[in-house]
Number of protein chains: 2
Amino acid sequence: MPEATVARLPLYLRALTTLAERGVATVSSEELAASAGVNSAKLRKDLSYLGSYGTRGVGYEVDFLRHQITREIGLTQDWAVVIVGIGNLGHALANYGGFASRGFRIAALVDADPTRLGEEVAGLNVRSADDLEQIVHDLGIAIGVVATPARAAQLVCDRLVAAGVTSILNFAPAIVQVPEGVDLRKVDLSTELQILAYHEQRKNGAALALTAEQAAELAEAVNG
Amino acid sequence: MPEATVARLPLYLRALTTLAERGVATVSSEELAASAGVNSAKLRKDLSYLGSYGTRGVGYEVDFLRHQITREIGLTQDWAVVIVGIGNLGHALANYGGFASRGFRIAALVDADPTRLGEEVAGLNVRSADDLEQIVHDLGIAIGVVATPARAAQLVCDRLVAAGVTSILNFAPAIVQVPEGVDLRKVDLSTELQILAYHEQRKNGAALALTAEQAAELAEAVNG
DNA sequence: GCAACTTTGTGCACACGTTCACAAGCGTCT
DNA sequence: AGACGCTTGTGAACGTGTGCACAAAGTTGC
Ligand SMILES: NC(=O)c1ccc[n+]([C@@H]2O[C@H](COP(=O)([O-])OP(=O)(O)OC[C@H]3O[C@@H](n4cnc5c(N)ncnc54)[C@H](O)[C@@H]3O)[C@@H](O)[C@H]2O)c1
Ligand SMILES: NC(=O)c1ccc[n+]([C@@H]2O[C@H](COP(=O)([O-])OP(=O)(O)OC[C@H]3O[C@@H](n4cnc5c(N)ncnc54)[C@H](O)[C@@H]3O)[C@@H](O)[C@H]2O)c1
């Protein structure tokens, strides 16, 4: 299955859940594509990788399709997650209720700062980074979230991998290397803002260019 | 300039900043690519869109290249940002120090909840969503960050756009429509985790398949 | 049972992004 | 000055992703 398709399945799942909550039983590729904000041909091609679950002339059965995507992504089971680094962001993530409803259970919180140990956040005690291996093993954790400062990110990832974690979501603005077989994704908020800034600048640049053109016209009008 | 290149420029900028702090004056595409975690040919092609700023046989001058990328992204000026929705995530974002050093200034915090109004977060008072247009206008805000619940996201974006914001970073898990000319990017943490879960499941599936194969071998050994 | 209509699933062409490979250019050393 | 070694910048091949357009396949109505 193409990586681009995998990245869109959660989107479809969310759209289907919304439709199901509204009591919609059947949906066409056109409607579902609109809800998910994608092209309908792309949606159909994506879904075709799961199998032929639609009915020509009718569309897709919402609940059935939802179940199929859930199974394909692997959300029939709950995934235990450990968050490392319980600062600003770690707190927000720990307190976020939206993960549980999407198949993820925050199973442990870990920090290196001794003054944070034992602190209760979202019903969990913050535990020591020294116990990481034990925690990952005992709770069957496969997914780690890194919310430490950038300089600690590589070390934390190394320790997560050593403890047996094979999927990592990194929030720290650092390039980290992981061995083959470990999946690493990163969320980089500053980068997102910088991409917006680039386009924003070009918009303003275009406006300035327009002004320059207008100025030229004006000059011509004065001279002519 | 290709969108994929724009998305990598912040990465290069960060790597260059790290090198500059270490006192490195010149860097080859090979070294810089390694620091940024990309292919060196890709790096050179990306940089070639900025102009021919390298020296054959030598490499790139760190400070000069840093300045060129900064200018290209539009980070020579500081961008004023408004955060809408000062809950878990909004607090974390407001308190995050990493934005200021990367060209962004959190200029205003806005929430709809009357009990939050006037609360001081990161040295700013939380202001009413009703004043959005005024705030955006007075502070010259071009970029908005949405950290409200999903159901409010479309409304908030509409109001931001109406107020004159032309770039939005959305954290709410919702599909929002914006008019032509407005840039919208989204950060979706649940989706990131679900993508990891998909690959994680396949790893386990492969492991199970191996086990099945081993079981077959075992059976054969017993029968043979 | 058949015609008309609707919608899926997919072949195909095109656009975009990545990577290899190498000529061109710069600095250095003799 | 000229040969040599290193690194950039880029042409070209390849791979991935997108979207059109339509045949195939189902439903509905008569
Ligand atoms: N807060 C945000 O909104 C935000 C936005 C973008 C990026 N980030 C990034 O996310 C990361 C966390 O940000 P934050 O604002 O929560 O920072 P923070 O300083 O508030 O929290 C970091 C936490 O990590 C802990 N820590 C440090 N080293 C550790 C280690 N080796 N093992 C375990 N824990 C360790 C610290 O004790 C602290 O509690 C940073 O890399 C930051 O750049 C944060
Ligand atoms: N907290 C996280 O770590 C996290 C992770 C992933 C996604 N998200 C998403 O980010 C968003 C915010 O999450 P949160 O945990 O901070 O939620 P939250 O409920 O803690 O905060 C939401 C805030 O938005 C305000 N709000 C509601 N409607 C508003 C409106 N119309 N105008 C202005 N403000 C309004 C509320 O008063 C509240 O203060 C949600 O959509 C959530 O799904 C959060």
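Order of the sequence lines fixes the chain letters, A, B, ..., with proteins taken first and strands second; residue numbering starts at 1 for each chain.
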Distance-minimising heavy-atom pair for B/Leu160 and B/Gly144: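 Looking at all heavy atoms of both residues, the closest pair is CD1-CA, 4.4 Å.
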
Closest contact, heavy atoms only, A/Gln154 versus A/Gln177: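 Heavy-atom minimum between the residues: OE1-N, 2.9 Å.
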
Closest-nucleotide ordering on DNA chain C, the 5'-leading residue of A/Gly57 and A/Ala41: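 The 5'-side residue here is A/Gly57.
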
Nearest-nucleotide 5' precedence on DNA chain C, B/Thr5 against A/Gly59: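 Result of the comparison: A/Gly59.
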
B/Lys45 or B/Val27, whichever maps to the more 5' nucleotide of DNA chain D: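 Result: B/Val27.
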
Toward the 5' end of DNA chain D, by each residue's nearest nucleotide, A/Val58 or B/Glu30: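 Of the two residues, B/Glu30 wins.
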
Nearest whole angstrom, please: distance from the [atom2] of [N] to the [atom1] of [X].
| X | N | atom1 | atom2 | answer |
| --- | --- | --- | --- | --- |
| B/Leu32 | D/dG9 | CG | P | 12 Å |
| A/Glu3 | D/dT16 | CD | C1' | 12 Å |
| A/Glu61 | C/dT7 | CD | P | 16 Å |
| A/Tyr60 | C/dT6 | OH | C1' | 13 Å |
| B/Asp46 | C/dG17 | CG | P | 10 Å |
| B/Leu43 | D/dT10 | CG | P | 14 Å |
| A/Lys42 | C/dG9 | NZ | C1' | 17 Å |
| B/Leu65 | D/dT8 | CG | P | 11 Å |

Among [options], the nucleotide that comes nearest once only the side chain of [X] is considered:
| X | options | answer |
| --- | --- | --- |
| B/Arg44 | D/dT10, C/dT10, C/dT18 | D/dT10 |
| B/Arg56 | C/dT8, C/dA23, D/dG26 | C/dA23 |
| B/Ser28 | D/dT8, C/dG17, C/dT10 | D/dT8 |

Is [X] close enough to [N] that one of its side-chain N or O atoms is under 4.0 Å from OP1 or OP2 there?
| X | N | answer |
| --- | --- | --- |
| A/Tyr49 | C/dT10 | no |
| B/Asn39 | C/dC20 | yes |
| A/Ser29 | C/dT7 | no |

Sugar-phosphate only, base, or nothing, as touched by B/Tyr53 at under 4.0 Å among non-hydrogen atoms: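 Sugar-phosphate: the residue B/Tyr53, judged by heavy atoms under 4.0 Å, touches backbone atoms but no base.
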
Donor-acceptor pair, side chain of A/Lys42 and main chain of A/Ala33, under 3.5 angstrom: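 Absent.
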
Expected output: side-chain A/Asp111 to main-chain A/Ile86 donor-acceptor under 3.5 Å: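 Checked: pair present.
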
Polar contact flag, side-chain donor to acceptor under 3.5 angstrom, A/Ser28-A/Glu31: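 Yes, A/Glu31 and A/Ser28 have a side-chain donor paired with an acceptor closer than 3.5 Å.
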
